[in-house]
Amino acid sequence: MSLLTPSTDPPAVPTSPGPWTTDGAPRPAIGGGGESASLEADRVSAWFGSHKVLEQVSLHMAARQVTALIGPSGCGKSTFLRILNRMHETTQGAGLSGEVRLNGVDIYAPGGRVTETRRRIGMVFQKPNPFPAMSIAENVTAGLKMTGLKPSRSDRDALVESCLQRAGLWNEVRDRLTHPGGALSGGQQQRLCIARSLAVNPDILLMDEPCSALDPTSTRYIEETIAELREDVTIVIVTHNMQQAARVSQHCAFFLAAAGTPGAIVEAGPTTQIFNEPSDPRTSDYVHGRFG
Amino acid sequence: MAVSVDPASVASTDLHALDEPRVIDPGLARADRVFRQVARSIGLSMLVLILAIGAFIGYQAIPTLRAYGLDFFTESAWQPELNRIGVSGALVGTIEIALIALFFGIPFAWASALFISEYAPPKLKSAVVSLVDLMAAIPGLVFGLWGFFLLQPHAIDLSRWLSQHLGWFPLFKVNTDADAAMWAQSRYTSSAFIAGIAVSMMVIPYACSVMRGVFAQAPIGEREAALALGATRWGVIRAVVLPFGRRGVIGGTMLALGRALGETVAVLLIISPTFEIKFNVIEVGTMTISALIAGRFGEASAGQLSALLAAGFVLFVLTLGVNAVAAVFVNRSRSGSITEA
């Protein structure tokens, strides 16, 4: 029996080479924005101090696809996600090995600008975190200021509208763009955070359990947003919600950490395959809710 | 199980009376009740102590205030032998020195607080914190000596430069020829300007400590949001830390002001006593209330003592007010704070 019917989008008809093989055709790393990009983790291990939390994780996150990272708590999914845009190193004592390649270029290569990497690989966090002192419109354009871009006033207004449109929030806030972002509901705040991430024109959007603090209606809005966004932004999402993973993703990676060992990928592949005919019995147990 | 109520009786009685909030017993355990009692009485005794000090000084000041009335606040001379006593000159000097101390001290405290909370690597951070805190442990006397012997010989060059270039502005006017080849150095020494710089060293640790405490509380969620957008550290500071820490900057500044207003020994060592309302701060001579009290206390007769206590009462009210404002800023939560990390 098919547990779930995955998203209606055709599964994995990649324009780039196969989703679980190495992308052999690196494209220039410059530019970006609107252009689809792929992300490749190559034998990534991670530590906090002397404690190893990730072991040799390799994963291809294909362009124009949503990749879901699933697995029980404490298996290193969020750590892995934070490694993908260099947020991992902001934690004290954090270390890593391996490579993360954005369109074939290692984001940890010496001489690379970390701020530019983070601009190109945006992130939405578990807890909505708009800047409370800024208005809704200022929140959307906050990233532009911080990355040193100064669009003209008309460009800015257009950008605010298009980002809020894409995040599915425009109709709710169009009449109160000058109100503080902190006054919105939790679900609206999270969509505001998505709009804010989109404003700096990222190639990749990482989402760390973006709906876990939200009600079902808000969750549905955000899932609809994700489905639309993947047209031009590659998305990697961490989720604890199996149904959500099945609904929004085309590819899935199952993480697991056995007691006392670092987390690792047990199985990765098209979402249909992971949910309906997983090759590893542990994956089967997890997606069928027998543990985790 | 509807309770039948006679409509007539409802109409006749006050509906609100039927719906009174009931008294809720907090239901504290015995240990909690005892602790609450102890904590409450200690807290109250602090309040009583402050009020008692204020009442004591105020009571002692009554004879003076009655004798001189409003003249006590407008007269600038302090000549008990001529029966001319007033705090206006010393009050102006006090405020001038405090503001000069803030002018030099606050940017320094602000920058070091930002460095400590945002830039310093962990090991350096604890070293810098200890050093800045150590500044608070250095006696005012030492800063006074430092100001007089080490700072003053150099600071007067800055004073002269100011009077040469900005002498048209009353604050920087000095009644001597600044451009003379043999310039009168003694006209620039022992001024409010130099005392203010010495005092600035003493307010830095207080302001820095409050500011860095508030900067460090800037929500991690917002910091990460800024970083994930591609912000530089300065971008994070501008978008998250400074808006969040504004009340800490204001509170720390007010606390420093309260401290600067009361500073005594360092000022007493540096200044040359002058009893007049004087706005040219880089010229020799000024006076503060605390320096006045410390300088005249030993030789004061009973009547003069009352006058000094009256001056002290003015300072007490001033610093209490400033510190109260500081407390309001430090404790007040920021506006629009929905997301707390």
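What you are looking at is a predicted structure, and each value in this text was computed from that prediction instead of being measured. Below, each value reflects all heavy atoms present in this structure, side chains not excepted, and no hydrogens, waters or symmetry copies.
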Relative to chain B, which segment of [X] carries a heavy atom at a distance below 4.5 Å: side chain, backbone, both, or neither?
X      : value
A:R113 : neither
A:Q92  : side chain
A:I121 : backbone

Self-check item: B:F104 atom CZ: more than 12 heavy-atom contacts under 6.0 Å
Solution: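 Enclosed: over 12 neighbouring heavy atoms sit under 6.0 Å from CZ of B:F104.
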Self-check item: Atom CZ of B:F103: over 12 foreign heavy atoms under 6.0 Å
Solution: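 Open.
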Quiz item: Which is it for B:R238 and A:M146 under the side-chain contact (heavy atoms from CB on, under 4.5 Å) test, yes or no, and what are the steps along the way?
Solution: CA-CA 8 Å; B:R238 251 185 30 181; A:M146 283 186 268; 5.9 Å; no
Taking all atoms of both residues into account, what is the closest heavy-atom pair of [X] and [Y], and its distance?
X      : Y      : answer
A:N85  : B:A228 : ND2-CB, 4.3 Å
B:E222 : A:P130 : CG-O, 3.9 Å
A:S197 : B:L229 : CA-CD2, 3.9 Å

Quiz item: Out of A:V124, A:T115, A:V114, A:V200, which one racks up the most heavy-atom pairs below 4.5 Å with chain B?
Solution: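 It is A:T115.
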Practice problem: Find the one option among A:M87, A:M123, A:R86 whose heavy-atom pairs under 4.5 Å with chain B are most numerous. | Solution: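 Of A:M87, A:M123, A:R86, A:M87 has the most heavy-atom pairs under 4.5 Å with chain B.
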Practice problem: Flag the pair A:M134 / B:P243 as yes when at least one side-chain heavy-atom distance between them is below 4.5 Å, and no otherwise. | Solution: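 No, every pair of side-chain atoms sits at 4.5 Å or beyond.
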Quiz item: Can you pull the side-chain hydrogen bond (donor to acceptor under 3.5 Å, both in side chains) pairs that have at least one residue in residues 99-119 of chain B, sequence neighbours excluded?
Solution: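 Residue pairs passing side-chain hydrogen bond (donor to acceptor under 3.5 Å, both in side chains), neighbours aside: B:E118-B:R223.
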Quiz item: Is any NZ, NE, NH1 or NH2 atom of the basic residue among A:R82 and B:E224 found under 4.0 Å from an Asp or Glu carboxylate oxygen of the other?
Solution: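 Yes, charged N to carboxylate O under 4.0 Å.
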Quiz item: How many angstroms lie between CG in B:L227 and CD in A:E89, if you round to the nearest 0.5 Å?
Solution: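 It is 9.5 Å, given to the nearest 0.5 Å.
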Practice problem: State which residues pass ring pair (Phe, Tyr, Trp, His ring centres under 6.0 Å) with A:F131; sequence neighbours excluded, sorted by chain then number. | Solution: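 Counting only residues at least two positions away or on another chain, A:F131 forms no ring pair (Phe, Tyr, Trp, His ring centres under 6.0 Å).
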